[in-house]
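Taking it in order: structure first as structure tokens, then the write-up.
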Amino acid sequence: MKLKLFGKWRQAWIAAGICGVLALVIFLTVQLILRRTAWITLPDAVGTAGISVTDPVGRPFTPLEITPRTVQSAAATLSRMTDYARVVTITRFWNDGNGSDSASDVIYTSVSGGWTRADRIYGQRVRHTLTDGAICHIWYDDGPELISLPADDITGDDEQSVLTYEEILSLPMDFITAANYQRHENRNCVYLETSTDHYIRRYWIGVDTGLLEAAEILYAGDLIIRMESSEAEAPPEDAFVLPDGTSVLFS
């Protein structure tokens, strides 16, 4: 009788051990799937352009398909670089946007520590602005005269004259007419197009940088504004120094 009872307890312990192992395997499998799914939903490469896409351990997977229904969720996962420098060119067109009548502004931009510096060329002069969203410092050329004003509603994007792509996150989905992954100037981008009140806006958002890499605005089918940018690089050390030698990063 004791042997039979011991055998039953032994079988019960073995069964419990097997159940425990199975539960552990199922738990680890679910965790792996969840981690893999998180990477799949991040738009970190342009799958539709034939670019190889891999997860953190080097296995290929299919990135989130970008459509007008999913592009807002994809854009919401992007975050802008916090330290960079680049050149932004804003071109305005008239006479059907064919390029024969146009004017361009070139803005040298540096961003770091919440500060944005924009050096804009006006003819033979250069206007420098340095703002953190609370205060805006302005001076011209290499002159010592400095004007400091409350920034009010003026942001770093305003100083660069670039569209704020985050505004698309609150747009009704019906306003988004096209969306996909694209290569633009050899950079991986999320592309989307919106249509409101006779205006068409096109955005190319860098997957790696979270920055607006390029944009276009059309009115009644005619191109009126184009924004282009150079590839982001490290900002120069003296970009955040005022004419009197004060560094806003350490003040």
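In this view, Arg127 and Tyr122, Thr129, Ile138, Tyr140, Glu159 satisfy the side chain to side chain contact (heavy atoms under 4.5 Å, CB included) rule, not counting sequence neighbours. By the side chain to side chain contact (heavy atoms under 4.5 Å, CB included) test, Asp152 is found to be paired with Pro150, residues two or more places apart in sequence or in another chain being considered. For Arg86, the side chain to side chain donor-acceptor pair (under 3.5 Å) test picks out Ser229, with sequence neighbours left out. Residues meeting the side chain to side chain contact (heavy atoms under 4.5 Å, CB included) test with Pro236, sequence neighbours left out: Ala85, Ser110, Asp238, Ala239. In this structure Ser230 satisfies the side chain to side chain donor-acceptor pair (under 3.5 Å) test with no other residue, sequence neighbours excluded. Asp119 pairs by the side chain to side chain donor-acceptor pair (under 3.5 Å) definition with Arg117, His128, not counting sequence neighbours. Legend: residues meeting side chain to side chain donor-acceptor pair (under 3.5 Å) with Asp174, ordered by chain and number and at least two apart, are absent.
Annotation: the span from Leu211 atom CG to Glu213 atom CD amounts to 5.5 Å, rounded to 0.5 Å. Note that CG of Asp132 is 7.0 Å distant from NE2 of His137, once rounded to the nearest 0.5 Å. Distance CZ/Arg226 to CZ/Arg92: 13.5 Å, rounded to 0.5 Å. Between the CE atom in Met227 and the CG atom in Leu163 there is a gap of 8.0 Å [rounded to 0.5 Å]. To the nearest 0.5 Å, atoms CG (Leu78) and CG (Leu212) are separated by 11.5 Å.
One hydrophobic cluster holds both Tyr181 and Tyr165 under the rule that ILVMFWY side chains link at heavy-atom gaps under 4.5 Å. Hydrophobic clustering places Leu242 together with Phe250 (ILVMFWY residues linked when any side-chain heavy atoms are closer than 4.5 Å, directly or through intermediates). Ile217 is connected to Tyr219 through a chain of hydrophobic side-chain contacts under 4.5 Å among Ile, Leu, Val, Met, Phe, Trp and Tyr, so both are in one cluster.
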| Should Ile168 and Phe175 be marked as a side chain to side chain contact (heavy atoms under 4.5 Å, CB included) after you check the CA-CA gap, both sets of side-chain angles, and the distance that decides it? | CA-CA 9 Å; Ile168 67 166; Phe175 290 176; over 6 Å; no
| said: Applying side chain to side chain contact (heavy atoms under 4.5 Å, CB included) to Cys189 and Ile205, what does each step give before you reach the verdict? | reply: CA-CA 5 Å; Cys189 295; Ile205 308 166; 5.8 Å; no
| Going through the distances and angles, do Ile135 and Ser148 end up as a side chain to side chain contact (heavy atoms under 4.5 Å, CB included)? | CA-CA 7 Å; Ile135 190 170; Ser148 299; 4.2 Å; yes
| task | Tell me, with the steps shown, if Trp115 and Leu130 meet side chain to side chain contact (heavy atoms under 4.5 Å, CB included). | result | CA-CA 7 Å; Trp115 288 88; Leu130 190 54; 3.9 Å; yes
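Side-chain heavy-atom separations under 4.5 angstrom define the hydrophobic clusters, and Val241 shares its cluster with no other residue.
Closest non-hydrogen pair, Ala232 versus Met81, comes out as CB-SD, 4.0 Å. Among all heavy-atom pairs drawn from Ser104 and Thr89, the shortest one is CB-CG2, 4.2 Å. Here the shortest heavy-atom pairing between Ala214 and His184 reads CB-NE2, 3.3 Å.
Using modelled atom types, one finds a donor on one side chain and an acceptor on the other under 3.5 Å when comparing Gln182 with Asn180.
By the 4.5 Å heavy-atom criterion applied to side chains, Tyr84 and Glu233 are not counted as neighbours. Considering only heavy atoms from C-beta on, Val87 stays 4.5 Å or farther from Ile107 through its side chain. Within the 4.5 Å cutoff, the side chain of Asp222 has no heavy atoms near those of the Trp94 side chain. Thr91 is not listed as a side-chain neighbour of Ile225, based on a closest heavy-atom distance of 4.5 Å or more. Two residues are said to be in side-chain contact when any heavy atoms from C-beta on lie closer than 4.5 Å; Gln160 and Asp158 fail this criterion. No side-chain heavy atom of Asp83 sits less than 4.5 Å from a side-chain heavy atom of Val111. The shortest side-chain heavy-atom distance between Leu218 and Ile224 does not fall under the 4.5 Å cut-off. The closest side-chain heavy-atom distance from Asp105 to Ile121 is not below 4.5 Å.
Among residues at least two apart or in separate chains, salt bridge (charged side-chain N to carboxylate O under 4.0 Å, His left out) pairs with a member in residues 71-82 are Arg80-Asp157, Arg80-Glu166. Applying the ring pair (Phe, Tyr, Trp, His ring centres under 6.0 Å) rule to pairs touching residues 221-245 yields nothing, sequence neighbours excluded. Legend: salt bridge (charged side-chain N to carboxylate O under 4.0 Å, His left out) pairs involving residues 140-150, not counting sequence neighbours, sorted by first then second residue: Arg125-Asp141.
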Distance-only check: which donor-acceptor pairs under 3.5 Å involve side-chain atoms of residues 192-203, not counting sequence neighbours?
| from | atom 1 | to | atom 2 | distance (Å) |
| --- | --- | --- | --- | --- |
| Glu193 | OE1 | Tyr191 | OH | 2.7 |
| Glu193 | OE1 | Arg202 | NE | 3.3 |
| Arg202 | NH1 | Glu216 | OE1 | 3.1 |

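Taking 4.0 Å as the cut-off between side-chain N and carboxylate O, Arg187 and Asp208 do not count as a salt-bridged pair.
A donor-acceptor contact shorter than 3.5 Å links the side chain of Thr70 to the backbone of Glu65.
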